[in-house]
Amino acid sequence: MSHAGVTGAVDLLATDGLSIIGTVGFFVPAAILLALVVGAVVRDRRLSAREEAAEADRRGMRREEIPTPPRAD
């Protein structure tokens, strides 16, 4: 099999294209996974902080003997 008609530039271009596809195929899913994990951790910390603040409010109202305020619907 002869490759006399193929130049080195074409071989280099094909190799570069495959390496770009391989790089993107690895780093894009990794970046998406990392973003999901960071988002989940931030969401969990916000929920925990909100629950702690609500519990602190309930304890403070009990300590000061302030009745639970009516709902503001």
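Just so you know, these numbers come straight off a predicted model, no measurement behind them.
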Which pairs would a plain distance check flag for residues 46-58, meaning a side-chain donor or acceptor within less than 3.5 Å of a matching protein atom at least two apart in sequence or in another chain?
unit_1, atom_1, unit_2, atom_2, d
S48, OG, D44, O, 3.0
E55, OE1, R58, NE, 3.4
E55, OE1, R58, NH2, 2.9

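Residues passing the side-chain contact (heavy atoms from CB on, under 4.5 Å) test with L36, sequence neighbours excluded: I32.
Connectivity analysis of hydrophobic side chains (ILVMFWY, heavy atoms under 4.5 Å, direct or indirect) links F27 to F26.
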